Engineer: 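What follows is a single structure, and I will ask about it in a moment.
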Amino acid sequence: MSKERDILKSLLLKEELEVLNQLKSKLLSEEQFTDEVAKVLSSAIKRSQKTDPQLEHALEKPIKKGVLRAFSESKQSIIDALLPIMGQLIRKTVTNSIKQFVSDINRAIEQDFSIKSLKWRWQAKKAGITYPEMLFQKTIRYQVTDIFLINKDNGLLIEHAGSDDLLKDNNAISAMLTAIQSFIEDSFDSEDAHLQSVEIKNQNFIIATGPKVYLAAVVKGNPTERLKQRFQEIIENIHAEYSEMLLQEDTYQNNLELNDFLRRNLVTKSLSDKQKEVNTLPWILMLIALVTGIAYWSYTRNQSLKNIWQKSSTIDGLYVQKIERKDGGFMLYGLLDPLADTSKLSDDAVTFVTKPYASLDEAIVQKRINQALSHYQMVQSRFNNGLLTLTGEINHEDSQLLLTRLYSINGVNHIDDGALVKTNPPTDQPEEDLSPFFDQINNAFIRIPDIKNLALIEAQLGFIIKNLQLLEEKGIKMQLTLIGTSDCAGLLSDDYSLKRANTVKELIGASLKENGFINTKVKKCTVTNQTNNKSLLGVKFNLKGL
Amino acid sequence: MSVAKKICLIGRFAVGKTSLVKQFIEKQFGEKYKTTVGVSISTKNLTVENKDISLVIWDIAGFEQDGHYAHYMRGVHGLIWVLDGTEPESFKILETINNSLPEIKQVPSVCFINKCDLVDEWVIKESEINSLKEFNYAVYKTSAKTGENVEAGFTKLASLLLSSL
Ligand SMILES: Nc1nc2c(ncn2[C@@H]2O[C@H](COP(=O)(O)OP(=O)(O)OP(=O)(O)O)[C@@H](O)[C@H]2O)c(=O)[nH]1
Ligand SMILES: [Mg+2]
C-alpha cells in the first residue's frame, strides 16, 4: 500500500520534491546558509532599521563590547588611526581659544583711552608697530643692572657698568661666560652656536654677540624680545664706534668712554616708571581717603570740643578758663557758682575742675533772690540790671530782715521796695504745742538696777535727750528736776537715790548745750522696807516750761 | 687697575691641575678626585715686582676630546703644562697639543711636574725633564699636596706675562 503511494507521490510531486530537497540542503549546510544570509545581511539591516526600532537597541551592547575590546587589544592602531584627526582637533581648539584670548585682550586694550594710552598710540604709529606691541614694550617690567663687555676670544673683561659688588669677581664672570660660550661652540661644533641667555649665581644674563666682543647684561624681571634686539643693536654700535679699542687689552677696564656708553644703557628706572603710573593710583586714593579720614576725625574732634565751649558759655554761673580732652571725655577748668545749672553738659562726659564763686550772672542773682524770698510767699520780685523791685506785702518786722539779706546779695545794687506793703505783725501768733514733749519726759521712769551699768541707763535715756535737745533748740526756757527713787530697803537708800539722779544728770547734760536748768533731788524714804525691789530703783522726771 | 691675563692649565686627566689651582688660591688640598667637566675658572690677584696682575685661570678638563682645547685656549696669555711624575702617559701631552695648535708655541709657558711628594714613584727621567725645558721658560717639580713650588710656579708665569707687556 505504501509502496504504491510513494510511486504516486513521486509521479505527482516529483519536481516539487526536488526543489524541497534542494532547499533543505541549502538551509542545513551552515556554510551555504551563511553565504545566503551574507547576501542579504546589509539590505536586511537597512530595512529593519527602518521598520524595527528594536534593532539599534539589540545591536548597542554587542557593538559597545566589540569596540571596547578592539580598543584594549589594538591600542596602537587605534591611536594611529585617530591621531591625524585628534591632532587637528586639538590644534583647532587651541588656536580657537588663543584667537579668542588674543582678541579679548586686544579689545580690552583698544578700549583703553587714557591720556597715557593715547600717547603710546601715537608713539606706536610713529614707530610703525601695533599699539598692543607698544603697550607690551611700555608695560613689561625689567631692569638691566649690569652690562659686561667681554673679549670674545679670551674672555677678558673689557668694561663693566653697574653695581660693582653684585657678582664680586667680574673677571671670573666674564671668563665663565666665555667658557660657556666656548663649551657650546665646542658641543655644537659650530661658531654660530651662540649662548643667548644663562643664569650664573642666580643672575640672569642676556648675551648679545658681535664679531670681536660680546655683551652680557644682567636682567631682572621679564626681558622682552625687544630688549634682546636692543642689546644686539648696542653690540653692533660698539663694533662700529669703538672697533679699534676693543682688542687693545692694555686699555681694558680703563676705558672711560666705553664705560660711559655702557652705563647709559643700564635700565634701572623702567620698573619704577611703570610702577608709578600704574600702582600709585590706589596709593593716592588711599592717601586721599586717609587724609579725608584724618581731617574728618579732627573735624569731629574739634566740633565736639567747640560744642562743649558753646554749651558751657551759655551756662550762667559758670566761668570757663579752659577745656581739655582727657580719656575720651573733657576736663573743664574754671569757676562755678553753686547755684549754676550744669545739666546741659551732663551728656558730654565733662569733669568739672572748678572753684566755687559767687556769680553776678543775672540768672544766678535771680536764683539767690528767689532763695531769700522763699520764706515770704506774699512778696514778688523783679530783677533787672542790678535793680530789684519788690511788690506784694510783708510783715513789718520781717521787712527789715529781708532787705538786709537782699542787699547782701552780690549783684543786687539797688532795691525798690516802694510798692511793698508792710503789715503789722499779728498779735497772737499761734504757739506751737510742745506739751507732748514735756508729757513724754514727765511720764518717763528710768530704771537703774545697777548704777555701774551706764549702758543700760543710756539706752533708756535716748528719747529724753532727743526731746530736750529739740526744746533747747526751739529756745524754750525750762527747768528739769531729776528725782532719784529707791525701794527703801536699806539705810542708805536715799544716798543711792541721789547718786542715781546725779548720774542721769551727768549723762543728759553731756548731750545738751547747757545743763544749768537741771537739778536733782531724792524721793526720801519714810519707812524702811524689809524686801528688796529693784524695779523701784531709778529716776523720775519733772520738766516745766518757764 | 691691575692688568688681567688669561692663563690655562693643560695636562692629562688626574695629573692634579685642579688641585694645583686650589693649592695656589686656597692653600688647601683634597685627596678625593673629582674630574673637571669642561673648564673651571678662578681668579687670583698678585703683585709681582711691584706690579699688579690679575690672573684669570682656566683649568681645562684633562679628558682628551678632539681639539676641545682649541676653544678654551683662544686668546690665552700664558700656559701651565701639568705633568704627573708618576704617570708616563701624561708626558705626551706637550707634543700632541703643540702639534695640533702650533701657534701656542709663542705663548709664555711653564711646566709643572706634579706629585713630587710621591717622588719615589716617579717614572720620569732627568733627560726628559731637560727636554721639557726646551719648550718652556721654566720647569717646576710641584706638589699640590704639600704646596711645594706651586706659588713659585704661578708667580714665575705671572712675571713672564708682566715682562712681555
Ligand atoms: N699625592 C698627590 N696627589 C695629588 C697631587 N695633585 C693631585 N693629586 C690627586 O690626584 C687626583 C686628581 O687631581 P685633580 O686635581 O682632580 O686632577 P685634574 O688634573 O684636575 O683632573 P681632571 O680635572 O680630570 O683633568 C686627586 O685625587 C688628587 O688628590 C699631588 O701633588 N700629590
Ligand atoms: Mg680638574
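Keep in mind that what you see is a predicted model, and the values were worked out from it rather than measured.
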Engineer: Is A/T178 in contact with chain B via its backbone, its side chain, both, or neither, using a 4.5 Å heavy-atom distance?
Structural biologist: both
Engineer: Give a yes or no on whether B/K27 atom NZ has more than 12 heavy-atom contacts from other residues, nucleotides or ligands under 6.0 Å away.
Structural biologist: yes
Engineer: Looking just at side-chain N and O atoms, do B/S54 and A/N171 make a donor-acceptor pair shorter than 3.5 Å?
Structural biologist: yes
Engineer: Return the option, out of A/D153, A/I180, A/L157, A/N151, with the maximum number of heavy-atom pairs under 4.5 Å with chain B.
Structural biologist: A/D153
Engineer: Closest heavy-atom contact between A/S182 and B/R74?
Structural biologist: OG-NH2, 4.2 Å
Engineer: Around atom CD of A/Q196, are there more than 12 heavy atoms from other residues, nucleotides or ligands closer than 6.0 Å?
Structural biologist: no
Engineer: Heavy-atom distances under 4.5 Å only: say whether A/E249 touches chain B with side chain, backbone, both or neither.
Structural biologist: side chain
Engineer: Nearest 0.5 Å, please: how far is CG in A/N154 from NE2 in B/H77?
Structural biologist: 5.0 Å
Engineer: In Å and rounded to the nearest 0.5 Å, what is the OH to CD distance from B/Y72 to A/Q181?
Structural biologist: 11.5 Å
Engineer: Does atom CD of B/E95 have more than 12 heavy-atom neighbours, drawn from other residues, nucleotides or ligands, at distances under 6.0 Å?
Structural biologist: no
Engineer: Heavy-atom pairs under 4.5 Å with chain A are the metric here; pick the option from B/V56, B/I60, B/I41 that has the most.
Structural biologist: B/I41
Engineer: Which one wins on heavy-atom pair count under 4.5 Å against chain A: B/C8, B/G38, B/A4, B/S42?
Structural biologist: B/A4
Engineer: Are more than 12 heavy atoms, taken from residues, nucleotides or ligands other than A/E244, located less than 6.0 Å from that residue's CD atom?
Structural biologist: no
